[in-house]
Every structure is written in C-alpha cells, then in structure tokens.
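Here is how names work: the chains are called A, B, and so on, in the same order as the sequence lines, proteins then strands, and each is numbered from 1. Keep in mind that what you see is a predicted model, and the values were worked out from it rather than measured.
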Amino acid sequence: MRYGHSLTFSITNFSIFTFLVTRSFCSKARANRYASLLQLCCLQSSISCSFDRAVHAHMIASGFRPRGHTLNRLINIYCKSSKLAYARHLFDEIPQPDIVARTTLISAYSAIGDLKLAKEIFNGTLLLMRDTVFYNAMITAYSHNNDGHAAIELFRDMRRNDFSPDNFTFTSVIGALALVAENERHCQQLHCAVVKSGTGFVTSVLNALISAYVKCASSPSVSSSSLMGAARRLFDDMVERDELSWTTIITGYVKNDDLDAAREFFDGGGMCEEMVVAWNAMISGYMHRGLYKEALEMFRKMYLSGMRLDEFTYTSIISVCANAGFFQLGKELHAYILKTEVNPSPDFSLPVNNALVTLYWRCGRVDEAREIFNYMPVKDLVSWNALLSGYVNAGRINEAQSFFKEMPEKNILTWTVMISGLAQNGFAEEGLKLFNQMKILGFEPCDYAFAGAITSCAVLGTLEHGRQLHAQLIRFGFDSSLSAGNALITMYARCGVVEAAESLFLTMHCVDSVSWNAMIAALGQHGHGIQAIELFEEMLAEGILPDRISFLTVLSACSHAGLVEKGHHYFNSMYSVYGITPGEDHYARVIDLLCRAGKFTEAKSVMESMPCEPGVSIWEALLAGSRIHGIMDIGIKAAERLFELKPEHDGTYVQLSNMYAVAGRWVDVAKVRKLMRDRGVKKEPGCSWLEVESMVHVFLVDDAVHPEVHAVYNYLDQLDQEMRKLGYVPDTKFVLHDMEFDQKEYALSTHSEKLAVAFGLMKLPRGATVRVFKNLRICGDCHNAIKYMSKVVGREIVVRDGKRFHHFRNGECSCGNYW
DNA sequence: ATAGGGTTAG
C-alpha cells in the first residue's frame with residue numbers, strides 16, 4: 001500500500017518534468033531532463049508503470065532526437081532498469097553506434113546471459129573502433145557466462161591486436177582463469193602470471209587472485225584448507241586492503257564450510273566498522289548451515305550498533321525466520337522494514353519481498369504470501385517461484401496449476417516445483433507429462449526435476465519408466481545426486497524391486513536421513529520388518545538423528561512385522577529420547593499397531609494420553625483393529641464416529657463390512673454393501689468389491705488375515721462359499737490352493753487390496769483386459785504380485801489402469817506409453 | 001562504457 005504513495009509521487013513528478021522538458025528550448029538541457037526523468041522511472045519501475053515508455057513517446061512526439069553522449073546515457077539507463085528491448089531499439093536507430101553504446105549493450109546482454117547477442121555486437125564492430133574497455137566488457141561477458149576458455153582466447157586476441165590491458169582487463173581475465181583452474185598448481189601459475197604482468201601490487205588484481213583461490217577451494221577434488229591458506233597468505237601480504245579483500249576471505253571461509261575460521265577472521269580485528277557486506281556474508285553463512293541462533297545473534301549486534309542494514313541483511317534474516325519457523329519475529333521485521341524504508345527502490349524491495357513471500361507460506365500463511373505478492377510493484381521469477389512453491393506445499397494443486405499457467409516466464413526450478421508437487425499430491429501422471437513437456441520445450445532437467453519424475457513413477461508403480469529415468473539420470477551425470485537417489489530408492493521399493501533399492505542405498509556417495517527413511521520404509525513395505533528395524537538401529541548407531549518421518553516409517557515396519565513391544569518402545573522414546581513431539585499420525589500408527597495385536601487396553605491408554613481429541617486417523621486405526629479381532633462394540637463405535645467426522649469417506653464402509661465378514665455376519669455385510677450402493681460410493685477407491693470386465697468378482701483380502709497366508713486361502717474359499725449361500729454367484733471360483741505362494745514376498749503386503757486383484761487375474765482368460773477402478777493404482781506389491789502370477793500361471797495378463805496399460809508376461813512387465 | 005564481495009525460489 002505504501003507503494004501507492006510513491007506512485008502518486010512520481011505521477012506528480014511526471015507532469016512537472018514533462019512541463020519542464022517542453023519548456024526547455026536548449027536541446028542539451030532538454031536531453032538532460034529526459035534523462036533525469038528516465039532515471040526516476042528506473043527507481044519507480046514496476047510492471048504496471050511504464051512511464052519510461054511514456055517519456056520515450058514524449059520525446060518522439062515532440063520531435064526530440066537524443067544523440068551522442070545523451071543517447072548513450074539513455075541506453076545505459078534502459079539497460080540498468082532491465083528494459084533492454086528499449087535500449088536495443090534506441091541502439092538500432094543510430095546509424096553509427098559508437099564504442100560506448102556498444103560496450104553498454106554488450107555488458108547488458110552479458111547480464112541477462114545472452115552471449116549470442118553480445119557476440120553479435122562484438123563481431124560487428126570494426127577493429128579500428130575497438131578499445132580496451134570494449135574488450136574488457138566482452139571478456140567479462142564470457143567469464144560471467146562460464147566460458148573461461150573463450151575469455152582467455154579473447155584476451156590473447158586483444159594482445160595480438162596491440163591493445164594494452166589495464167587493471168580491469170587483468171581482473172576479468174583472472175576471473176576467467178579461475179573458472180578453468182582445477183587445482184592449486186593452476187592457481188600458483190596464475191599467481192606467477194600476475195607477478196610477471198607487473199600488477200602484483202594492484203589491490204583489485206590481488207582481490208581477483210584471492211577470489212580465484214577461494215573459488216578453486218570450493219571445487220570438490222581439491223584440499224580447500226590448503227587453498228584457503230594460500231588465499232589467506234596473499235591477503236596477509238597485501239600492502240593495501242580494501243573492503244573487498246576482507247569480504248572475499250570471509251566468504252571464502254563461509255563457502256568452504258568453515259564458519260569458525262570465518263568468525264575468527266571476522267572477530268580478529270582490523271576490519272573497518274561499517275563493513276555491511278562482511279556481516280551479511282556471515283549471516284547468510286549461518287543461515288545456510290542452519291545455525292539460526294548464530295545468525296540472529298549477528299543480526300542483533302548489527303541492529304544494536306546502529307549499523308546500516310541493507311536488503312541483503314533483511315533478506316537473509318527473513319530467510320532465517322522462514323527456515324526456522326520464527327513467524328513472530330519475521331512479522332516484526334516486516335513491520336519494521338515497512339516503517340523504516342519509506343521509499344524503497346525495486347533493488348531493495350524485490351529481494352526482501354521475495355523472502356517475505358517465502359516466510360509467510362512456510363509459516364502456513366499462503367494467502368498472506370499471495371497478498372504480499374499482489375502488492376509487489378516489481379516481481380521477478382523468484383517471486384513467482386516462491387509463491388508457486390507455497391501453493392504446492394499447501395497441497396493447493398489447482399491454484400498451483402493455474403498460477404503455473406499464468407507465469408510470464410519459467411525456469412528449471414519452476415518446472416521442478418510443479419512436477420514434484422504434482423507427484424506428491426496424487427497427480428503423478430500429470431507430473432510425468434509435465435516432465436516430458438519441459439524437455440520438449442528445451443529445458444535441461446536438473447537432478448531435482450528427475451527426482452520429481454521418479455517420484456511420479458514410484459506413485460504409479462511404472463517400473464520400466466522409472467528404470468528409463470534412472471538411465472537418463474546417469475547419462476546426465478546426476479548419479480551422485482542425493483535427491484534423485486532418494487527418489488530412486490522409493491521408486492524401486494514401490495515397484496517391488498527392493499534389491500535394487502538396497503544396492504542403490506549401499507552405493508550412494510552420500511546419504512541423509514531421507515535416504516535412511518526411504519530404505520527403512522522399503523524393507524518394511526516388503527515384509528522385511530526385522531531388517532527394517534535393524535536398519536533403523538544402524539542409523540541410530542551411525543549417529544543420524546531420526547526425524548518425524550523416521551518414526552512413522554519404523555512404526556509401520558513394526559506393525560508389519562508384528563513387533564508390538566518394539567514399536568511401543570520406539571513410540572515412547574520419541575519424545576523422551578529425541579525430543580520429538582508425536583503428532584496425531586504417530587499416535588494413529590501406534591494405536592494401529594497395538595490394536596492389530598489385540599492389545600486394546602494399551603491402545604486405550606495411549607489414546608487417553610493424547611494431548612488433543614482423537615481425529616479421523618485414530619478412529620480408523622481403532623476400526624481396523626476391531627475388524628481384525630472382531631471386537632464389534634469398539635468397531636461399531638469407531639465407525640459411527642467416522643461417519644460423523646468424515647461422512648463422504650468410503651473406507652469406513654469397507655472396514656465395517658469387512659469386520660462383519662470376519663465375524664461371519666453376512667447379512668450385515670450385505671446391509672453395509674447396500675448402504676454403500678445407496679450412497680453411490682461403490683466405485684470409489686478402496687472399495688471391497690472390484691468389478692472386472694469379465695464379470696469376475698473378487699472379494700478383497702485384507703491385511704487383517706495376514707500374515708498367515710494359508711489363512712488367506714481358507715478365508716477366500718470360505719468367502720466364496722458364503723457368497724454363494726447368499727445367492728451371489730461369482731463367475732469364477734477362487735482357485736487358490738494350487739498356487740505357489742512365496743510368503744516372504746507378498747504375505748505382509750500393505751497393498752493387499754491390490755493383491756486381491758492379482759488373485760482375480762489368475763482366473764481370467766489369456767490376454768483378458770481387466771478394468772481396475774480409475775483411482776486404484778497398480779503399484780508396488782501388486783505390480784510384483786501380478787508379475788509373479790503371470791509367471792506361475794504362464795499367461796499374459798493385461799491390466800488397464802486408467803489410461804495406462806500394463807502387460808505382464810512371463811514374470812516381466814512392460815507399460816504402455818500413453819503420453 | 002568495463003572488474004572484484006554479500007540476498008531471495010526446491
């Protein structure tokens with residue numbers, strides 16, 4: 001809202017200036033006024049405010065043609081205010097653009113990364129016209145765009161053509177050489193070259209040299225401490241140090257993850273008081289390392305000493321608040337900035353507002369983040385990406401998608417956020433489509449984008465596609481990527497190939513708690529409950545702190561392995577040992593674990609210890625447990641609560657009907673079934689009955705009857721008979737006894753309803769197409785089971801799942817491409 | 001007109 005004032009301010013000024021401009025008869029005065037006016041526009045520039053165009057139009061309308069120095073100044077102003085197209089327009093109107101205009105444009109193109117256009121201008125300039133500054137700009141352009149070799153080659157060309165390099169040239173060339181330097185020896189050669197050139201005493205050149213050492217120190221294959229030591233010696237030997245020399249060393253330590261050394265250097269004295277950049281570097285260093293307290297402490301010192309705080313300070317400290325969840329402090333900072341920065345330039349407000357957008361959504365206020373976004377006078381890609389992440393993170397996929405479509409430009413991060421957001425919110429197919437679309441549009445995927453696509457495959461259970469992505473990932477050189485590796489572990493596990501997940505986990509260059517959690521979950525989901533718990537213990541032994549997800553995973557593993565005591569113990573240790581407050585999800589799992597084991601008394605006492613009212617997940621766990629053990633009163637009570645809390649949810653009907661089935665109360669089963677049909681929930685996911693096109697009906701096996709596999713057979717057989725008694729005649733009888741069953745692989749499945757589909761498939765004619773309900777994904781265990789089935793019964797099975805086809809033949813599966 | 005340090009999106 002504050003920006004509203006500045007807008008009025010500049011509108012008033014606009015009329016005054018126009019008045020003054022038209023009153024200026026002297027062309028030079030007029031030119032200067034136009035330039036000042038444009039300068040004002042730069043400060044006020046916003047997407048909706050295009051005064052500079054108005055000024056430009058005014059110039060043309062009044063027949064004023066800027067030339068020479070004035071024109072160059074205008075071009076420069078346009079370039080600086082990111083209105084490169086206007087600058088180019090002016091440039092193209094000059095019959096013979098001079099070297100200054102050319103230099104300005106080259107560096108502007110360099111800044112936006114358009115080397116092609118920069119080169120075009122460079123090559124279109126005759127040797128006669130060129131000068132040292134012109135060469136410097138082009139060398140810098142190459143250097144800024146990571147083409148060190150081209151920069152060095154151009155430097156040679158410059159020497160060949162007898163242009164004498166100046167300190168700017170050396171600084172730029174050293175920057176370029178730093179790009180190609182791979183080890184300490186290269187840096188030393190660089191050092192020698194500097195000494196030979198006679199610039200070994202020039203502060204700016206030495207700063208560049210120090211910066212080269214620092215950059216080289218960050219590359220993975222070198223010893224960073226030795227290179228930082230060399231940089232430090234250079235610094236110590238300097239005759240004259242400026243602010244930059246100090247900050248280069250500090251950021252060097254920070255970048256090389258040695259915050260203690262940075263702090264020691266920082267505190268060591270000799271630095272001038274007002275070195276805001278150095279303070280900012282320290283704060284951002286602490287921020288990135290997750291040392292939020294230290295970052296805040298530095299910020300406090302800065303604030304109390306009355307130092308100038310700039311946009312970098314604010315952005316970093318707001319990020320601290322966003323990452324650490326200090327919402328109150330973040331809000332106070334927001335208010336403080338609004339109060340103290342009366343008329344902020346876009347250079348100030350843009351990054352600060354971007355950080356604020358992130359602060360608000362991370363603290364669960366997506367709508368407030370949106371409000372800030374809406375009020376922003378200038379937005380850039382970062383702003384858009386920040387809010388997109390907000391929507392995705394809040395699971396507001398519809399809004400995310402329309403926001404995504406609205407975006408004026410996108411980068412790889414935009415795509416990645418959207419792809420993984422879709423994958424994690426149940427729109428995996430859309431995620432994969434987007435990944436392909438992104439590649440078609442020429443965006444080179446990064447490892448995070450791969451991770452998103454791989455997650456989609458995990459959700460869909462499309463193993464072949466997942467494997468293809470794995471191969472592509474290696475081709476792109478991301479085989480040591482942590483995020484992609486973690487996604488792959490989950491993908492292989494969910495597609496039933498635990499061995500692949502395991503060998504990946506064991507060979508990954510580095511792993512984090514996410515990797516451990518993924519691997520523990522992989523083992524747990526495939527019936528290797530004991531190994532899952534062993535792995536969890538191993539993780540603890542390695543000194544890796546478990547997080548909320550670790551406990552969810554390990555509680556599930558205990559549940560599947562029937563390790564009730566162990567699970568209960570882990571649950572109790574969550575807060576007492578690791579200080580993690582259990583959430584409702586943890587309570588639900590431990591109650592589920594206890595109920596499954598028939599320990600309803602313990603479950604009840606856990607429930608009573610809950611700090612809040614039991615929600616849906618708790619009642620679901622209770623119902624599931626009651627169903628297994630046929631505890632009718634508790635089950636019915638839980639179902640009633642669930643009908644109240646979540647009336648539209650079909651799962652309750654399913655559980656209730658299964659509970660009656662376990663108790664042999666087939667009339668009640670039929671009643672619930674009728675109720676379901678009346679409510680139209682028949683075709684919802686998780687429905688007990690699956691219709692297949694050949695009119696086979698399969699009653700779902702539930703993990704209720706696990707882990708005794710033979711009980712499954714008997715149970716199904718019994719069901720078959722009971723169904724017939726009720727007058728319900730399935731087209732095919734369940735023939736399960738003649739089937740080999742590998743208990744290890746499938747018995748402890750969590751996706752037992754999908755397993756049931758597999759059972760049903762056995763009895764279908766060769767090549768039959770089975771329609772599986774739209775939202776029931778063929779994945780993980782089911783995938784594995786059908787593969788197994790196709791081998792055992794020696795027949796080809798085609799399963800249609802939504803728009804996709806899975807062909808199972810002789811134990812292998814190929815998936816039909818649908819995009 | 002050109003260089004060198006610090007910020008924000010997963």
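- Distance from the side chain of A:Ser211 is smallest to B:dG5 among B:dT8, B:dG5, B:dA3.
- A donor N or O paired with an acceptor N or O is not found under 3.5 Å between the base of B:dA3 and the side-chain atoms of A:Ser172.
- For A:Thr247, whose side chain is taken as the heavy atoms from C-beta onward, the closest listed nucleotide among B:dG5, B:dA3, B:dT8 is B:dG5.
- In this structure, A:Trp361 reaches the sugar-phosphate backbone alone: every heavy-atom distance under 4.0 Å involves primed, P, OP1 or OP2 atoms, never a base.
- Ring geometry, A:Trp279 versus A:Phe266: the interplanar angle exceeds 60°, so the pair is classed perpendicular (tilted spans 30 to 60°).
- One can place OH of A:Tyr142 at 16 Å from P of B:dA3, the figure rounded to the nearest angstrom.
- With B:dT8, B:dT2, B:dT7 as the choices, the nucleotide that has an atom nearest any side-chain atom of A:Asn354 turns out to be B:dT8.
- Put simply, CZ on A:Arg102 is 13 Å from C1' on B:dA1, counting in whole angstrom units.
- Using a 4.0 Å heavy-atom cutoff across all strands shown, A:Met275 reaches no nucleic acid atom at all.
- Within 4.0 Å (heavy atoms only), A:Asn411 reaches at least one base atom of the nucleic acid.
- Taking a centre distance below 5.5 Å and an interplanar angle below 30 degrees as the stacking criterion, A:Phe168 stacks against the six-membered base ring of B:dT2.
- Here the straight-line distance linking atom OG of A:Ser197 with atom CG of A:Asn167 works out to 8.5 Å at 0.5 Å rounding.
- Using a 4.0 Å heavy-atom cutoff across all strands shown, A:Ser284 reaches sugar-phosphate atoms only and no base atom.
- Among the nucleotides B:dT2, B:dG5, B:dT7, the one closest to the side chain of A:Ser316 is B:dT7.
- Within 4.0 Å (heavy atoms only), A:Ser319 reaches sugar-phosphate atoms of the nucleic acid but no base atom.
- Side-chain atoms of A:Leu413 lie closest to B:dA9 of the nucleotides B:dT2, B:dA9, B:dG5.
- Cation-pi geometry between A:Lys410 and A:Phe443 is not satisfied (NZ or CZ under 6.0 Å from the ring centre, within 45° of the ring normal).
- Between A:Phe450 and A:Phe476, the distance from one ring center to the other falls under 6.0 angstrom.
- Using a 4.0 Å cut-off, no side-chain N or O of A:Arg130 falls inside it from OP1 or OP2 of B:dT2.
- You'll find that the side chain of A:Phe312 is closest to B:dT7, out of B:dA1, B:dT7, B:dG5.
- Here the side chain of A:Val382 is nearest to one of B:dA9, B:dA3, B:dG5, namely B:dA9.
- Looking at residues two or more places apart in sequence or on another chain, you find a side chain to side chain contact (heavy atoms under 4.5 Å, CB included) between A:Ala208 and A:Thr171, A:Ile174.
- Taking only distance into account, the side chain of A:Asp242 meets the base of B:dG4 through a donor-acceptor pair shorter than 3.5 Å.
- A:Arg289 meets the salt bridge (charged side-chain N to carboxylate O under 4.0 Å, His left out) test with A:Asp257; sequence neighbours excluded.
- In this structure, A:Lys255 reaches the sugar-phosphate backbone alone: every heavy-atom distance under 4.0 Å involves primed, P, OP1 or OP2 atoms, never a base.
- Residue A:His288 is in sugar-phosphate contact alone, with no base atom involved, counting any heavy-atom pair closer than 4.0 Å across all strands shown.
- No hydrogens or angles were tested; on distance alone, nothing pairs the side chain of A:Asn167 with the base of B:dA3 as donor and acceptor under 3.5 Å.
- Of the candidates B:dA1, B:dA9, B:dA3, B:dA9 carries the atom nearest the A:Ala386 side chain, counting heavy atoms from C-beta on.
- Between B:dA9, B:dT7, B:dA1, one nucleotide has an atom nearer to the side chain of A:Asp131 than all others, and that is B:dA1.
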